[in-house]
Amino acid sequence: MKFFIDTANLDQIREAQDLGVLDGVTTNPSLMAKEAISGDKNVMQHYKDICAIVDDNVSAEVISIDFEGMIKEGEALAALDDKIVVKIPMTKDGVKALKYFSDKGIRTNCTLIFSAGQALLAAKAGANYVSPFLGRLDDIGADSFGLIEDIRLIFDNYGYETEILAASIRNTVHIVECAKIGADVMTGPLSSILGLLKHPLTDSGLAQFLADHKKAAGQ
Ligand code: G3P
C-alpha cells in the first residue's frame, strides 16, 4: 500500500518523508488556503517546494471547472516537475480533461469520488488515481468501506490499472480497513500515519525491557 500525506504543510511533509515510508503528497485548494498560500506565483512555488521534499506523486489540483481552463492549468502544473499528478474534479469537463491528459501521458488523480459509477467513468477516461472520500461519506452515514470494495471489484473485473487512492482518511482504522480491502493508496493527515505506531502494550513492553536491562546491568 502506498502512503500519501494529505497536507500542504511543508514541516509535516518533511516529518513524514523523514520517517522513510512516504510515497507522495495530496493537496487541495482548502489545504493550500490553510497554509495561507495564494496567488498563482506563490501556489506554483509551493508545489515546487513540496516536489523538492518528496520522491514522487505530488497531487496538485486545478481550480478551473471548464475543460479549456483545466487543460491550461493542468499543463502548467505538470510542467513544474515530473512528480506532479494533476488533480481533476469528477465532472463532465473533468472526465474530458482526464482523457486529454491520459492521451498526453500526464498523470491524473480524479478527486471528489463518492460512487462506484464515478470511479468507473474516471478509470475509463484513463485516470491514474481515483480518490474516494471516506471520511466525508462516514460523515453522512454512508458505507465508505463498501464503496472501496465495489471499486476494487470493478477495477479487478476489467483489469483497470487506475489506482484506488482512499482519501479523506481521518484515523488509523480507516487506513487498516482500506489495506484489508485492497485500496492501492491511502492519503491522510500526519496524525493518521503516526497513529499506526501506537499500542499501549508496545509502550509497557518497552518500559519493562528497559527496566530489566537496567536491573541486570546493576547486578
Ligand atoms: O484531499 C482530499 C481529502 O483527503 C479531503 O479530506 O478530511 O477534508 O474530508 P477531508
Side-chain angles (χ1 to χ4, degrees), residues 1-13 15-17 21-38 43 46-47 49-51 53-54 56-65 70 73-74 77 83-91 94-95 97-98 101 107-116 118-119 122-123 127-148 151 162-179 181 183-196:
M1 187 185 217
K2 289 183 195 166
F3 275 24
F4 291 177
I5 187 169
D6 195 30
T7 184
N9 183 283
L10 298 180
D11 288 338
Q12 290 184 18
I13 294 168
E15 187 174 341
Q17 177 69 17
V21 298
L22 194 68
D23 300 292
V25 179
T26 52
T27 61
N28 61 41
S30 304
L31 293 170
M32 294 292 273
K34 201 170 160 192
E35 302 305 315
I37 311 295
S38 64
V43 166
H46 201 73
Y47 285 133
D49 293 344
I50 294 174
C51 288
I53 300 171
V54 299
D56 195 14
N57 289 305
V58 176
S59 278
E61 188 161 341
V62 298
I63 308 297
S64 301
I65 55 169
M70 286 181 187
E73 260 189 76
L77 289 166
K83 297 174 188 174
I84 293 284
V85 177
V86 180
K87 206 171 176 187
I88 303 278
M90 170 38 72
T91 61
V95 170
L98 291 172
F101 287 125
R107 291 183 295 167
T108 54
N109 170 3
C110 186
T111 189
L112 292 164
I113 295 284
F114 293 95
S115 77
Q118 291 177 322
N128 297 82
Y129 297 101
V130 288
S131 290
F133 279 27
L134 274 76
R136 293 192 194 184
L137 280 168
D138 290 354
D139 291 344
I140 61 162
D143 180 10
S144 59
F145 298 133
L147 174 60
I148 302 290
I151 300 173
T162 304
E163 295 186 54
I164 303 173
L165 197 175
S168 189
I169 291 275
R170 304 271 169 83
N171 51 54
T172 57
V173 174
H174 274 153
I175 299 175
V176 172
E177 287 303 313
C178 283
I181 297 164
D184 300 285
V185 191
M186 80 84 202
T187 190
L190 182 62
S191 60
S192 68
I193 298 171
L194 295 181
L196 294 171

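Hydrogens, waters and symmetry mates play no part in the numbers below; they use all other heavy atoms, side chains included. As the structure lists them, so they are numbered: ligands from 1, and atoms in each ligand from 1.
- Proximity of Met186 to ligand 1 is not established, as no heavy-atom distance is less than 4.0 Å.
- Residue-ligand proximity, Ala167 to ligand 1, at heavy-atom distances under 4.0 Å covers atoms 4 (O).
- Backbone and side-chain nitrogen or oxygen atoms of Arg170 are examined, and one is located within less than 3.5 angstrom of a nitrogen or oxygen of ligand 1.
- Listed by chain and number, the residues in a side chain to side chain donor-acceptor pair (under 3.5 Å) with Asp184 are Arg152 (sequence neighbours excluded).
- For atom 1 (O) of ligand 1, the closest non-hydrogen atom on the protein side is Asp6 OD1, 2.9 Å.
- Here Glu61 has no heavy atoms under 4.0 Å from ligand 1, in either its backbone or its side chain.
- On a distance-only criterion, Asn28 and ligand 1 share at least one N/O pair closer than 3.5 Å.
- When only interatomic distances are considered, the shortest N/O to N/O separation between Arg136 and ligand 1 falls below 3.5 Å.
- Shortest contact from atom 2 (C) of ligand 1 to any protein heavy atom: Phe133 CZ, 3.3 Å.
- Between Glu35 and Asn9, the side chains place a donor N or O and an acceptor N or O closer than 3.5 Å (distance only, hydrogens not considered).
- No more than 12 heavy atoms of other residues, nucleotides or ligands shown are found within 6.0 angstrom of CD1 on Ile65.
- Expressed to the nearest 0.5 Å, how far CD1 of Ile50 lies from CG of Leu10 amounts to 6.0 Å.
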| request: Tell me, with the steps shown, if Thr111 and Tyr129 meet side chain to side chain contact (heavy atoms under 4.5 Å, CB included). | output: CA-CA 8 Å; Thr111 189; Tyr129 297 101; over 6 Å; no

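- Summary of contacts: the protein heavy atom closest to atom 6 (O) of ligand 1 is Ser168 CA, 3.3 Å.
- Summarising the geometry, atom CG belonging to Leu165 is positioned 5.5 Å from atom CG belonging to Asn109; distances are rounded to the nearest 0.5 Å.
- The side-chain contact (heavy atoms from CB on, under 4.5 Å) test with Leu137 is passed by exactly one of Ile113, Asp143, Leu147: Leu147.
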